[in-house]
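Notes for the one structure printed next.
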2 protein chains.
Amino acid sequence: MTLLSSKSDMSVNKRRLRMWIRMLRTTRFVEARLREFLRDKYDTTLPRFDVMAALYRSADGLKMSELSKLLLVSNGNVTGIIERLVTDALVLRVNVEGDRRAMLVCLTDQGRKVFEEMAREHEALINDLFADLDGEDLDELVPVLSRLKAIEDKKS
Amino acid sequence: MTLLSSKSDMSVNKRRLRMWIRMLRTTRFVEARLREFLRDKYDTTLPRFDVMAALYRSADGLKMSELSKLLLVSNGNVTGIIERLVTDALVLRVNVEGDRRAMLVCLTDQGRKVFEEMAREHEALINDLFADLDGEDLDELVPVLSRLKAIEDKKS
DNA sequence: AATTTTTATTTCAAGCATAAAATATTTAAG
DNA sequence: CTTAAATATTTTATGCTTGAAATAAAAATT
């Protein structure tokens with residue numbers, strides 16, 4: 001009789017697959033919570049929040065293509081989201097001087113203000129959802145996830 | 001001068017947020033790869049694959065509501081996906097005897113066959129994408145992710 | 001300078017996803 | 001029994017998302 005756990009008996013192959021499925025479910029669950037929060041409290045959506053977050057971090061604004069690259073979404077996708085944010089006066093779209101193809105996008109003052117409020121609550125929600133993870137857990141988790149970033153950069 | 005890393009200097013609060021953002025990016029990257037694979041090799045989509053996977057694991061079939069609960073997606077969403085899978089003769093929809101409201105859904109023989117082939121390649125792709133994670137990494141990662149499952153079950 | 005290629009963005013068609021409302025059926029209460 | 005509440009699913013309206021095609025401008029080649 002072996003002392004190995006059933007987990008260790010499983011091929012690394014299968015365990016990678018299980019880990020992925022677990023990670024996917026976790027992500028979806030958290031995303032669902034975030035969507036719920038954004039809809040109920042701010043009448044907005046996760047994609048809109050993501051766009052605003054990216055713009056908030058880039059004081060000088062971003063080009064449409066930079067935005068889609070940053071968010072890992074398609075080019076045309078960003079067009080629609082920005083359109084709606086512009087309608088709501090949260091985002092400003094201006095021509096890039098010297099390149100008439102490009103568009104520079106940034107938050108309006110109101111957009112900045114609204115985002116700061118949302119971001120505070122967003123952080124609190126994440127903190128609550130992951131409350132069971134203490135510093136030690138994060139010490140384990142983050143480096144592993146960061147190693148996946150290496151894959152990402154290499155293969156994308 | 002402290003021996004603590006800058007990471008440990010950051011509040012657990014902020015580190016939970018960073019971990020979430022990292023996890024989200026990883027998930028999106030892998031999902032993009034899977035979509036690409038499913039589209040190019042099988043002319044199908046990730047949601048369709050997910051549905052077929054759930055049905056494959058339940059030999060007796062699933063009710064529409066069981067399916068949506070299992071996949072963490074809305075009820076109406078499943079309706080559309082199943083509709084298209086039925087059109088493609090990969091899924092069968094039959095009435096539940098004794099309850100004329102409910103529908104039981106299961107894979108056709110062809111659906112089963114197609115899924116088995118896709119699943120093999122899917123596993124290989126995941127294995128490749130997460131190749132940098134060895135057994136030790138998984139030993140760290142899986143328990144932490146499983147602890148999040150506890151949150152999920154508690155709060156959902 | 002004219003042509004080709006690349007880059008930046010939008011438009012398009014199709015499918016995914018949601019919440020809310022509608023439909024139909026079953027179960028429970030009165 | 002009859003009405004009310006709960007359950008299973010579909011429909012609807014809106015927004016997200018994609019890949020591919022279209023448009024337009026800039027950069028590179030010839």
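Heavy atoms only: backbone and side chains are in, while hydrogens, waters and symmetry mates are out. Since the model is a prediction, treat every value here as computed from it, not as a measurement.
- The number of heavy-atom neighbours closer than 6.0 Å to CG of B:Asp40, taken from other residues, nucleotides and ligands shown, is above 12.
- Between the P atom of C:dC16 and the CG atom of B:Leu67 lies a distance of 13 Å, rounded to the nearest Å.
- Under the 4.0 Å criterion applied to side-chain N and carboxylate O atoms, B:Arg18 and A:Glu123 are not assigned as salt-bridge partners.
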Can you pull every protein N or O that's under 3.5 Å from an N or O on nucleotides 23-26 of chain D?
| from | atom 1 | to | atom 2 | distance (Å) |
| --- | --- | --- | --- | --- |
| D:dA26 | OP1 | A:Arg100 | N | 3.0 |

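- Between B:Leu71 atom CG and C:dT18 atom P there is a gap of 10 Å when expressed in whole angstrom units.
- A salt bridge links A:Arg28 with B:Asp50: at least one charged nitrogen is closer than 4.0 Å to a carboxylate oxygen.
- Proximity of a side-chain donor or acceptor of A:Asn95 to a complementary backbone N or O of A:Glu97 within less than 3.5 Å is not detected.
- Atom CG of B:Asn95 and atom P of C:dT25 are 11 Å apart (whole Å).
- A:Leu145 has its side chain within reach of A:Met23: a pair of non-hydrogen atoms, C-beta onward, lies under 4.5 Å apart.
- Here the two rings, on B:Phe115 and B:Phe49, have centers that are under 6.0 Å apart.
- The number of heavy atoms from other shown groups lying within 6.0 Å of CZ (B:Arg112) is above 12.
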Letter per nucleotide, 5' to 3', of nucleotides 10-19 of chain D [B base touched, S only sugar-phosphate touched, - untouched; heavy atoms, 4.0 Å]: BB---SSSBS

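- Rounded to whole angstrom, the span from the CD atom of A:Glu66 across to the P atom of C:dA8 amounts to 9 Å.
- Salt bridge B:Asp128/B:Arg33: absent, no basic N to carboxylate O contact under 4.0 Å.
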